[in-house]
Amino acid sequence: MKASLDDLAVFGGPPAFAESLCVGRPNIGRREDFLARIGAMLDRRWLTNDGPYVREFERALERHLGGTHCIAVANATLGLGIVARALGLTGEVILPAFTFVATAHALKWPGIEPVFADVDPHTHNLDPEYAERLITSRTTGILGVHVWGRPCAVDELTELARRRGLTLLFDAGHAFGCSHGGRKIGNFGRAEVFSFHATKFVHSFEGGAIATNDADLAARLKRMRNFGFSGYDEVAELGINAKMSEAAAAMGLTSLESFDEIVKINKENHEIYCSGLGQVPGLRVVEYDPDECANYQYVVVEVETAAAGISRDALHKALWAEGVLARRYFYPGCHRMEPYRSLPRYRGVRLPMTDQLADRVLCLPTGSAVTPRDVELVCMLIEFCRAHGPELSIRLRDIVPAPVPAPHTY
Ligand code: T4K
């Protein structure tokens with residue numbers, strides 16, 4: 001470990017990790033099973049277009065979620081876009097600004113105006129009261145996001161949508177395997193959309209799935225992900241190409257088979273982070289409700305500068321130099337990103353809770369590529385930086401940030 005500030009990599013010392021630790025390093029699962037599936041796929045010469053692995057993956061997801069219909073898609077962003085279209089969303093849709101920008105883009109792309117609401121600083125999720133204040137005659141829907149896999153205010157939003165005659169859907173990009181009130185996420189609103197991007201704990205390289213309890217909607221979404229085809233030579237409506245490939249579904253199936261194993265690793269890592277950082281002044285590790293199912297795929301800390309004696313950004317800078325590629329998800333809020341920030345309608349948008357949170361959060365590495373010992377070391381590094389916070393912060397001011405390296409270590 002480091003004995004003095006000069007030992008920190010940011011001041012020229014050796015980095016704590018020769019091989020960087022990433023947030024979102026993919027879990028691989030049982031490689032031989034995946035390769036066997038790929039072999040069978042090649043023998044079959046059926047590579048995409050609603051193939052057998054895609055169907056098998058969808059049935060496996062449905063079993064996990066407790067009966068809802070699942071439609072596999074190429075990624076969650078397209079999934080959200082086709083759901084928005086299928087549900088007839090137009091005009092304005094309210095969503096939190098504290099989310100990955102894909103949530104907003106998925107609306108904006110088909111011409112819907114994302115209307116950004118502030119979040120509850122404790123849950124990091126959409127504040128239903130704030131959302132209600134944004135409803136206008138042009139509002140057609142509310143898009144809640146289960147940030148970090150912690151369910152947003154599902155019951156309040158359901159009631160709000162019912163009372164105001166709005167369509168409710170959820171971006172469940174982080175929330176596969178999580179539950180609310182003992183019911184799996186995927187069973188709420190008109191539809192929920194999961195991401196199975198490579199960085200998610202269960203993944204299909206790129207991919208996603210739409211879950212809905214509405215059989216007619218499911219049938220329509222299935223058509224819409226395939227250009228609107230309802231049969232050979234028959235196009236029933238406007239669709240797009242949002243199909244999942246067989247190779248992706250093979251990865252998804254293999255990944256799903258390691259579900260329990262990966263959640264266990266994530267949970268153990270999360271516990272080590274909690275015990276390593278739980279008592280550190282100014283730091284708060286985001287917790288998961290022990291009475292609900294959680295996937296623990298995100299380890300998130302909030303850094304409160306005054307109490308910690310160091311800012312999130314200073315800590316971030318020091319950790320990166322050590323090979324700990326912590327991420328500032330979701331900084332800045334979507335309202336401060338293009339194209340939104342330059343458009344007249346967003347210029348006056350002030351979301352103090354989102355801004356405050358976006359300045360505090362830091363996601364730390366976890367998953368099967370991160371060992372318990374790695375986590376202990378990361379905690380020690382963070383505690384070291386915090387203990388030397390004021391002096392470290394002053395010295396860091398003179399450090400010109402290195403050009404951000406590509407986050408990959410191939
Ligand atoms: N809604 C929400 C709430 C979301 O968070 C997301 C995506 C979406 C919707 C949209 O879902 P998709 O359309 O993607 O299905 C990453 C992911 O690309 C993105 O899927 C995810 N959320 C977001 C939170 O994180 P980036 O741009 O930060 O990823 P990137 O390339 O920096 O990778 C993250 C880390 O993972 C890096 O440190 C390197 C490592 N990595 C990444 C890949 C792809 C690897 O080690 N190997 C890999 O193959 O967005």
Side-chain angles (χ1 to χ4, degrees), residues 17 19-29 71-84 93 95-109 114 116 119 124-126 143-152 169-176 178 185 191-211 225 240 242-245 248 251-252 255 295 297-300 316 319-320 323-334 337 354 358 361-370 378 404-410:
F17 294 93
E19 193 183 330
S20 298
L21 296 183
C22 296
V23 173
R25 178 70 95 205
N27 300 305
I28 301 302
I71 302 97
V73 284
N75 57 63
T77 310
L78 276 169
L80 285 165
I82 63 174
V83 169
V93 169
L95 74 163
F98 188 74
T99 179
F100 192 59
V101 75
T103 318
H105 285 353
L107 296 173
K108 184 75 181 158
W109 197 266
F116 297 115
V119 292
H124 298 188
N125 280 322
L126 179 62
L143 172 50
V145 184
H146 307 300
V147 174
W148 319 133
R150 299 194 308 172
C152 61
L169 67 162
F170 294 102
D171 176 339
H174 299 178
F176 184 69
C178 303
I185 295 295
E192 305 207 58
V193 182
F194 297 104
S195 171
F196 296 123
H197 180 259
T199 54
K200 300 293 184 284
F201 81 112
V202 166
H203 73 90
S204 57
F205 302 141
E206 288 278 356
I210 307 166
R225 78 167 173 197
I240 198 164
K243 289 168 285 156
M244 177 179 274
S245 73
M251 187 69 238
S255 192
N295 57 39
Q297 70 179 316
Y298 288 101
V299 174
V300 186
H316 180 246
L319 287 175
W320 269 61
V324 180
L325 307 188
R327 296 299 295 266
R328 296 182 294 182
Y329 292 138
F330 295 106
Y331 166 84
C334 294
M337 288 188 171
T354 300
V361 277
L362 201 55
C363 286
L364 299 173
T366 187
S368 60
V370 179
V378 174
V404 177
H408 320 280
T409 43
Y410 294 111

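In this text the structure is predicted, and so the values were computed from the model without any measurement. Atoms within each ligand, like the ligands themselves, are counted from 1 in listed order. The first residue of the sequence shown is numbered 1, and numbering continues consecutively from there.
With a 4.0 Å heavy-atom cut-off, ligand 1 is reached by no atom of L325. Counting heavy atoms under 4.0 Å from ligand 1, residue Y329 touches it through the side chain alone. At a 4.0 Å heavy-atom cut-off, ligand 1 does not touch L78 at all.
Applying the side-chain contact (heavy atoms from CB on, under 4.5 Å) rule to F100 yields the partners A102, F330; only residues at least two apart in sequence or on another chain are considered. Remark: K243 engages no residue in a salt bridge (Lys or Arg N to Asp or Glu O under 4.0 Å) (not counting sequence neighbours).
Looking at ligand 1, you'll find an N or O of V23 within less than 3.5 Å of one of its N or O atoms. The N/O atoms of Y298, backbone and side chain alike, include none that comes under 3.5 Å of an N/O atom in ligand 1. The shortest N or O to N or O distance between T99 and ligand 1 is not below 3.5 Å.
Under a 4.0 Å criterion applied to the non-hydrogen atoms of T103, ligand 1 contributes the atoms 1 (N). Counting the atoms of ligand 1 from 1 in the order shown, those under 4.0 Å from a heavy atom of R25 are 45 (C), 46 (O). Close contacts of ligand 1 with A102, meaning ligand atoms under 4.0 Å from a residue heavy atom, involve 8 (C), 9 (C), 10 (C).
With atom 22 (N) of ligand 1 as the reference point, the heavy atom nearest to it among H174, H203, K200, E206 is part of K200. When T199, L21, D171, V145 are ranked by how near their heavy atoms come to atom 2 (C) of ligand 1, first place goes to D171. Which of C363, P26, G81, C22 comes nearest to atom 47 (N) of ligand 1 through a heavy atom is settled by distance: it is P26.
In this structure, G207 counts as a contact residue of ligand 1, since one of its heavy atoms falls inside 4.0 Å of the ligand.
Counting heavy atoms from C-beta on, the side chains of H316 and L362 come closer than 4.5 Å.
Using bins of under 30°, 30° to 60° and over 60° for the plane-to-plane angle, the ring pair F194/F196 lands in the parallel bin.
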